[in-house]
Novice: 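Let me begin by handing over the structure; questions about it come next.
Just so you know, ligand 1 is whichever comes first in the structure, and atom 1 is the first atom listed for that ligand.
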Amino acid sequence: MTDPFGISLSLQKIGIEAENLGSSTGLDWLDSGEKAIASFSPADGKSIAQVQSGNAETYEAIIAQAQIAFEKWRTVPAPQRGEIVREIGNALREVKADLGKLVSYEMGKSYQEGLGEVQEMIDICDFAVGLSRQLYGLTMHSERPGHRMYEQWHPLGIVGIISAFNFPVAVWSWNAALAWVCGDVCVWKPSEKAPLSALACQHIAGRIFAKHGMPEGICSVIVGDYQVGELLSQDPRVPLVSATGSTRMGKLVGKAVGERLGRSLLELGGNNAIIITENADLDIAIRGALFGAVGTAGQRCTTTRRLIVQENVYEEVKSRLASAYSKLVIGNPLDEKNHVGPLIDQDAVKGYLAAIEKVKAEGGKVVVDGGLLSGDGYESGCYVKPAIFEAENHFAIVQHETFAPILYLIKYKTLPEAIALQNGVPQGLSSAIMTTHMREAEAFLSAAGSDCGIANVNIGTSGAEIGGAFGGEKETGGGRESGSDAWKAYMRRQTNTINYSTSLPLAQGIKFDI
Ligand code: NAD
């Protein structure tokens, strides 16, 4: 097999062999006897590896080991847990180029974005190390004399992590790095569309836990499709399920976890808009919209899907964007001259083509037409042209998240109208306003402004930093991961009241004397 981008060597450097791979609680693979899932690259359509799917028995073995591991891991002081996470971050630094390349090849995002994804993992490890000394609770003044009240945070137990294909490694690390310093153990069900990148991570982290003599099961991976995800969401031994993916999936997981009164942290689909006002710096606005709409071939949850443009600058924005789109180079994501890589698979291509038909049928006008690319370099059948349509916000297709590079242009007159359009979709993940006008920016950020979890000024909708809490409202699921105080989702809060007096006064002054 020709290997112009050196993928085999990268796999070797990460320390995995591209055969006999499967689910694991540490470094050894558990043989489930099930058939293998082939990991295909959308870049060239070639099979990278065969990865064995887990089943209900593998799942049981993994959960049993995770329960044992939790008994030990929760007693390790949090700063020491942080030291282990620090080493995982350092190990990721060493393999950044190789893991970035694997992510790019298996998922189809550009090599630069693959590197960026690994950098996010390193950043969240650093964040978690600091956090391991800051899992603060509050103290409160008791209303009763001789009493003290405070709260503390304890580990939850097993955290189930279900992840999507488009961030095949970073989303795991956002959850796992925090969960580990919080004293939890993790069972990860990665996307069946990018299993090899997950096994690479398992190997990197598993080696560090083993080096420190920690039991297997603190870090586990179970390969499989939605049925394995269902095992996690239905299992009362898993107090928290953090699930990233489509709104359709999130509704099912939320229901299953809710029925057993477990906790879910849902990070679901977006339908993100940028408002470009007549006071925008159009150089920044066009660049922000371009990267937001075509980066990762439109396969980010934060991809810019709608551009809501003030009528006085509408024509200029439209023609400048069309001109920028004409310069986009589409091709193999590992070749750094290309701006746009492939969609994940041919089902995604079908969804993209169907959306184009729908927007045209609903009355959308072509600004830059789409279509499937074929010929040299496009043999995988997953390369499509980024497209732009003039549309109305109420079109059914505009209300829906199509996970592909299709951008809808919508015209507005007044800012309140633009904000209502921005909020007028079922999803609530990311939003942005491009303006140099302070009043417009503040109105957009006010309580009557954007209803999204993320609201930016003069920055596109994608490309969040790990320091902030990440997530969205409405059908995006309400979860928050990563920075700020997102760690609280991975712990249970306990309120403690201590009586050091010689009597037993009751709260609210209640008398109960015999
Ligand atoms: P998907 O919903 O098809 O799959 C995501 C994961 O859920 C996979 O691991 C899949 O096996 C699992 N799954 C599917 N059905 C399940 C069920 N019934 N029970 C348990 N698990 C189940 O999503 P995808 O195509 O991999 O990813 C794209 C979607 O993810 C987009 O909607 C995107 O917006 C969203 N996403 C959201 C965020 C966020 O942070 N908000 C981040 C990345 C991706």
Side-chain angles (χ1 to χ4, degrees), residues 37 42 51 53-54 59 106-109 113 117 120 160-175 187-195 197-198 221-235 238 241-259 262 264-272 295-305 343-345 347-352 400-404 425-430 452-454 461-464 466 468-482 486:
I37 306 175
V51 178
S53 193
Y59 177 81
E106 189 178 39
M107 182 273 154
K109 62 176 62 177
E113 291 180 60
E117 187 164 346
E120 260 188 71
I161 303 168
I162 298 173
S163 62
F165 79 84
N166 65 326
F167 276 90
V169 293
V171 164
W172 165 71
S173 69
W174 287 1
N175 286 282
V187 175
W188 179 18
K189 204 240 39 100
S191 167
E192 57 274 43
K193 296 178 185 173
S197 300
V221 64
I222 179 153
V223 179
D225 61 12
Y226 73 97
Q227 288 169 312
V228 174
E230 284 177 345
L231 293 174
L232 273 173
S233 50
Q234 290 163 3
D235 191 341
V238 181
V241 178
S242 172
T244 300
S246 58
T247 294
R248 186 199 59 79
M249 175 280 290
K251 285 181 177 170
L252 294 168
V253 169
K255 186 166 175 232
V257 177
E259 267 176 10
S264 52
L265 194 168
L266 300 175
E267 296 281 355
L268 312 175
N271 192 350
N272 319 294
T296 328
Q299 299 170 108
R300 286 191 185 210
C301 49
T302 51
T303 290
T304 307
R305 310 210 175 274
L343 293 181
I344 183 70
D345 57 20
D347 280 348
V349 173
K350 279 187 207 142
Y352 157 90
H400 172 83
E401 179 198 44
T402 302
F403 221 50
V425 289
Q427 310 82 352
L429 180 52
S430 186
C452 290
I454 297 167
T461 54
S462 66
I466 62 98
F470 182 88
E473 304 301 331
K474 302 192 292 187
E475 287 199 354
T476 303
R480 290 296 186 278
E481 281 176 354
S482 194

Novice: Taking only residues two or more places apart in sequence, or in another chain, which ones meet K193 in a side chain to side chain contact (heavy atoms under 4.5 Å, CB included)?
Specialist: F165, S191, I344, D345
Novice: Taking side-chain contact (heavy atoms from CB on, under 4.5 Å) as the criterion, tell me which of T302, T461, T303 meets it with L429.
Specialist: T302
Novice: Sequence neighbours left out, cut at 3.5 Å: what donor-acceptor pairs do the side chains of residues 168-175 make with other protein atoms?
Specialist:
from : atom 1 : to   : atom 2 : distance (Å)
S173 : OG     : A170 : O      : 2.7
W174 : NE1    : E120 : OE1    : 2.9
N175 : OD1    : S242 : OG     : 2.7
N175 : OD1    : Y490 : OH     : 2.6
N175 : ND2    : V171 : O      : 2.9
N175 : ND2    : E481 : OE2    : 3.2

Novice: Considering only NZ, NE, NH1 and NH2 on the basic side and carboxylate oxygens on the acidic side, decide whether E473 and R480 come within less than 4.0 Å.
Specialist: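 Yes, charged N to carboxylate O under 4.0 Å.
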Novice: Under 3.5 Å, is there a donor on one side chain and an acceptor on the other for E106 and S197?
Specialist: yes
Novice: Please enumerate all residues that pass side chain to side chain contact (heavy atoms under 4.5 Å, CB included) together with L252, with sequence neighbours excluded.
Specialist: R248
Novice: Protein residues near ligand 1, heavy-atom distance below 4.0 Å?
Specialist: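 If the criterion is a heavy atom under 4.0 Å, then ligand 1 touches I162, S163, A164, F165, N166, K189, P190, S191, E192, D225, Y226, G229, E230, T244, G245, S246, R248, M249, L252, V253, E267, L268, G269, G270, C301, E401, F403, L429, F470.
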